[in-house]
Structures are given as structure tokens and as C-alpha cells.
Amino acid sequence: MERKIIKMVQGYRTRDGAGVSLVRVLGKDTIEDFDPILMLDSFDSTNPEDYIKGFPMHPHRGIETISYLYKGKMIHRDTLGNEDAITSGEVQWMNSGSGIEHEEMIPSSDRLLGVQLWLNLPSSEKMSKPSYHRINFEDIKELDIEGGKLRLLAGQYGEHHGYKGEHLPFNYYDIHLDKGAVFENSTANDESIMLFTLVGDIEVAGEVVKEKTAAKLSEGDSIRIKSLTDGAQVLYISSKKLNEPVAWAGPIVMNTPKEIQQAYIDLRNGDFIKEKIDY
């Protein structure tokens, strides 16, 4: 059975961090529909004043943050001692686990284009050991498909394998399609699949999905995406629905209000960071 669209959310312009202008697509109002994806922010600007103030040091607990820049640069620093940067075509994957503080600064570039996802952690792994990983450009397979290409950012596509996360199954593709081109893929019925139109418009099961829109798909064993514009760029995200309660306050996402309260007590008392720098 071909998958259909059950929910569409078009992003809106807002500011976050130290004043970064971005398009917020998913958030607290979409938790249940897009489970396990909590948040999706999209960056698309040719004006450095929109983003160069970046995201100064701030805490996280209970989530994984996955940042993909198709164009631009992002510099990361965290309380584990990591200092790193991703550039055009690379991915930054951080598990905040039991608690981490990090900053993401964005230098000037000709164009900033990409997204950041917040991937929920299962309740049993909310307090897991934090970690950071960069998926380098040369480690991302770029595969020819009919009418375009597919960049395998993480997970598996057919017999091809990319970076594998430690906590949830997660397939992440950056699909580029010429106008009129069609991408088809077989899917397991229980996969939780969403699409995000980073650039251009597409059609799925007869419905048009405009640029900067997230589309959650029904269950099914196949998917068909048709590009309606030349150079459409579609992010394909597949994972496993958690069906767990979510308590969310600022940068902290847990399962109960009590756990949220404890996280902020830990922040006030200086006990938030459970894992120290390991030299």
C-alpha cells in the first residue's frame, strides 16, 4: 500500500539563539504526529546578519540534535571538550543524554542552507552518556538515482550503509530531483516516515507539498515522490515511533514534569553535567 500524507506543517519565520533568523517547522504542537522527531528548524539565508550571532552556550538533556548543512559552516564546542566544525554537505550528531552544554556558532558564508532536528530519546536512554560525532563529507555516500541523486546522511538505503546512531533506528536521505523526476522506495510498514522540502515543491500521493514543509506519512510499504520544480531537495527521515509521554521545557525534554524539575534543580546546583571531560 502506497503511503499518503496524514499531516502537513509549513514553517514560519522566527528567531532563536542570540537572534538567529530561521524557519521553525516542528515543535511542541507536533510532538504526537511526528514522533520521534520533536523539532525541525530550517536555515536558508544569503544574509550573514541573519545568523552570525549563532547559538551561545546552552544546556540540553534527553534528546539528540542532528544538524545538516548543505551549504555553510557551523562551529561546535561542548562541555565534553569537543571543538569541531562542519562545512557544506556534512552532519553534526550530538546525544545530549544525561546533560551537556554546547554552543553552535555560524560564520559568514555565501548561503546558509540546512536543518537541525531534535530526535527524542527513549525513556530508558534519557540519561545515557552524552556523545558527539561529525559525519564527514567523504563518509557520506552520494548515489545516482533516476532524475537526480541521493545523499545517504545516516542509516541504510538498499544495500548501502551510512553512519548508524546508537539509540534509535534512523534513516536520513538528502534527495535531489529534476523537475518531473520520481523517487520510489519500499518501506517497512511500521517505519515512522516524514519528508521535509528544503528546496522546491513535490507531490506525494496526489498532494502538493510546498517548500519548507514537513509531511508526515501514513503506514504503508511504498512511497512515491514526484518533483514539481527543478532542483527540488527533499529530506527523507525514517525512524521508530516511541509512543511515550513527553515533558518539554526549553532545551530539556524528558518524560515527566518531575524529571524536568530535577533537570532545572541540577542546573541551579551545578550538578547538571554528569560526564566530565575525559583527557
Side-chain angles (χ1 to χ4, degrees), residues 11 15-25 39-58 60 63-96 100-119 130-144 148-155 157 160-166 170-177 196-200 211-212 231-237:
R15 290 187 180 272
D16 206 340
V20 176
S21 176
L22 51 82
V23 175
R24 177 143 297 159
V25 186
M39 192 186 78
L40 190 157
D41 282 346
S42 176
F43 311 100
D44 190 352
S45 177
T46 56
N47 179 10
E49 293 301 316
D50 283 343
Y51 56 79
I52 56 173
K53 292 181 181 179
F55 301 89
M57 194 68 71
H58 58 281
H60 285 295
I63 60 170
E64 296 185 88
T65 64
I66 304 170
S67 302
Y68 173 47
L69 289 185
Y70 187 64
K71 294 183 182 294
K73 183 175 182 179
M74 181 180 287
I75 301 170
H76 168 95
R77 186 168 66 91
D78 64 41
T79 47
L80 291 176
N82 296 300
E83 294 189 22
D84 197 13
I86 59 170
T87 57
S88 297
E90 297 185 322
V91 177
Q92 177 194 101
W93 192 307
M94 187 187 78
N95 171 34
S96 68
I100 197 169
E101 293 188 24
H102 76 143
E103 68 175 20
E104 298 150 307
M105 305 310 292
I106 309 172
S108 174
S109 61
D110 291 338
R111 185 181 184 184
L112 179 69
L113 177 66
V115 302
Q116 182 177 96
L117 306 172
W118 284 14
L119 178 63
S131 62
Y132 171 85
H133 181 80
R134 182 183 72 206
I135 306 176
N136 298 315
F137 185 89
E138 57 268 24
D139 295 328
I140 295 173
K141 295 179 181 178
E142 193 166 291
L143 308 170
D144 291 329
K149 66 180 181 181
L150 182 151
R151 304 192 74 235
L152 178 53
L153 306 180
Y157 175 69
H160 302 282
H161 295 264
Y163 175 74
K164 183 179 179 181
E166 299 176 353
F170 195 78
N171 297 322
Y172 196 7
Y173 314 148
D174 176 16
I175 302 168
H176 297 241
L177 295 171
F196 177 66
T197 45
L198 182 63
V199 176
E211 183 175 288
K212 301 295 188 290
Q233 192 170 352
V234 185
L235 301 183
Y236 176 117
I237 299 154

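Only this structure's heavy atoms are used, side chains among them; waters, hydrogens and symmetry mates stay out.
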Contacts of [X] that satisfy side chain to side chain donor-acceptor pair (under 3.5 Å) - sequence neighbours left out:
{"X": "D41", "result": "R24"}
{"X": "Y132", "result": "D84"}
{"X": "Y68", "result": "R151, D174"}
{"X": "E166", "result": "none"}

S67 and side-chain hydrogen bond (donor to acceptor under 3.5 Å, both in side chains): which partner among E90, H76, Q116, R134?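 That would be Q116.
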Tell me whether [X] contacts the main-chain N or O of [Y] through its side chain, where contact means a donor paired with an acceptor under 3.5 Å.
{"X": "T79", "Y": "E101", "answer": "yes"}
{"X": "S96", "Y": "I63", "answer": "yes"}
{"X": "D78", "Y": "G81", "answer": "yes"}
{"X": "K212", "Y": "T197", "answer": "no"}

Rounded to the nearest 0.5 Å, what's the gap from [atom1] on [X] to [atom2] on [Y]? Could you check?
{"X": "I86", "Y": "L69", "atom1": "CD1", "atom2": "CG", "result": "4.0 Å"}
{"X": "E142", "Y": "L153", "atom1": "CD", "atom2": "CG", "result": "10.0 Å"}
{"X": "M74", "Y": "S109", "atom1": "CE", "atom2": "OG", "result": "10.5 Å"}
{"X": "L22", "Y": "D16", "atom1": "CG", "atom2": "CG", "result": "6.0 Å"}
{"X": "D44", "Y": "K71", "atom1": "CG", "atom2": "NZ", "result": "10.5 Å"}
{"X": "M94", "Y": "W118", "atom1": "CE", "atom2": "CH2", "result": "9.5 Å"}

Can you name the closest pair of heavy atoms from [X] and [Y] and give their distance?
{"X": "G162", "Y": "L152", "answer": "N-CD2, 3.7 Å"}
{"X": "A18", "Y": "P56", "answer": "CB-CD, 3.7 Å"}
{"X": "E103", "Y": "M57", "answer": "CB-N, 3.5 Å"}
{"X": "E211", "Y": "G200", "answer": "OE1-N, 2.7 Å"}
{"X": "M105", "Y": "I52", "answer": "CE-O, 4.4 Å"}
{"X": "S45", "Y": "D50", "answer": "OG-OD2, 2.6 Å"}

Should the heavy atoms of other residues, nucleotides or ligands under 6.0 Å from CD of E138 be counted, would the total exceed 12?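 Correct, the count exceeds 12.
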I'd like to check the ring-ring contact (aromatic ring centres under 6.0 Å, His included) partners of Y51; sequence neighbours left out, ordered by chain and number.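 Scan of Y51 (ring-ring contact (aromatic ring centres under 6.0 Å, His included), adjacent residues dropped) gives none.
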For Y173, what residues pass the ring-ring contact (aromatic ring centres under 6.0 Å, His included) criterion, not counting sequence neighbours?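 Residues passing ring-ring contact (aromatic ring centres under 6.0 Å, His included) with Y173: Y157, Y236.
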Can you find a pair of side-chain heavy atoms, one from F196 and one from L117, that are under 4.5 Å apart?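 No; the side chains remain at least 4.5 Å from each other.
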[X]: side chain to side chain contact (heavy atoms under 4.5 Å, CB included) partners, not counting sequence neighbours:
{"X": "T46", "answer": "R111"}
{"X": "K164", "answer": "none"}
{"X": "H58", "answer": "F55, H60, H102, E104"}
{"X": "E83", "answer": "R77"}

Taking only residues two or more places apart in sequence, or in another chain, which ones meet K53 in a salt bridge (Lys or Arg N to Asp or Glu O under 4.0 Å)?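 Partners of K53 under the salt bridge (Lys or Arg N to Asp or Glu O under 4.0 Å) test: none.
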For this output row, return yes or no: ring centroids of W93 and Y172 closer than 6.0 angstrom.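 That pair fails the under 6.0 Å test.
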Test V199 against Y70 for side chain to side chain contact (heavy atoms under 4.5 Å, CB included), laying out the working first. CA-CA 11 Å; V199 176; Y70 187 64; over 6 Å; no
